[in-house]
Amino acid sequence: MRYLVLSDIHANMTALEAALAAAKGKWDQCVCLGDLVGYGPDPNEVVDRVRSLSAVTIRGNHDKAVSGIDDIEDFNPVARSAVLWTRERLSPENLKYLEQLPQGPIPVDGFLIAHGALHDEDEYVFSPELAMDGLVTSPTTALFFGHTHIQGGFSLRGDQVSALYLKPANSAHTIKLDLEPDTKYLLNPGSIGQPRDGDARAAFAIADLKNRSVEFWRVPYNIEDVQNRMMQAGLPEPLILRLTFGR
Ligand code: ZN
């Protein structure tokens, strides 16, 4: 079974469609690690599209904020105004869908999916130190997580934790990780709709754990198209500009 691993789509339909086009025919089941909405201009389109994929989906912090599960006090003013904009536009049915999304981590066919850290869906796993706890306590060889919008991950072998650099070069679309024996992994497919690792292309992963392999992908998409829709929608300028730089 090959799994398409999507995360942090953030209402960016153009990026999602580019990723799905690139991955076409290469996967059997889709999983989505949360943050379907927030920041981007296409919340209903993205929720409808993810639902059409029959993806195993968990909630992210933006999904919680938009559907009112969490209050938005912890969000910065720019993120907060995008949450309010999104909440006003989502159909009642899609709001309900986001509200009912399960909290991670949840098991999928021998691996786990989480939005943030293993023990706290809202915690950012940025460093080997922050990854250590999840690597040690995860019952599975592989756990996929999102939230940081940084493609890559961490591994644990013996008592050695390593950061893994799994971003395809600018000239390439994929980079492959072969899972080693006696090693555990926390892996981040990167963000579809708002990458923050210095590469503006949409990021995702395709995992074939039976064959001990995970591909990390980057695909270009029409960023200006999304920026134009964001401008028309009156979304905050910093959110529009950062897509150009992937920061
Ligand atoms: Zn996010």
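For ligands, and for the atoms within them, numbers begin at 1 and follow the listed sequence.
Rounded to the nearest 10 degrees, the angle OD1 (Asp8) to the Zn ion (ligand 1) to NE2 (His149) equals 90°.
Applying the 6.0 Å contact sphere to CZ of Phe245 captures no more than 12 heavy atoms from other residues, nucleotides or ligands. Within 6.0 Å of the CG atom in Asn76, the count of heavy atoms belonging to other residues, nucleotides or ligands exceeds 12.
Phe111 and Tyr3 have their aromatic ring centers within a separation under 6.0 angstrom.
Among the backbone and side-chain atoms of His62, none of the N, O or S atoms lies under 2.8 Å from the Zn ion (ligand 1).
Using a distance-only test at 3.5 Å, with no hydrogens or angles considered, a donor-acceptor pair links the side chain of Arg87 to the main chain of Val66.
For Asp35, the N/O/S atom at the shortest distance from the Zn ion (ligand 1) is named OD2.
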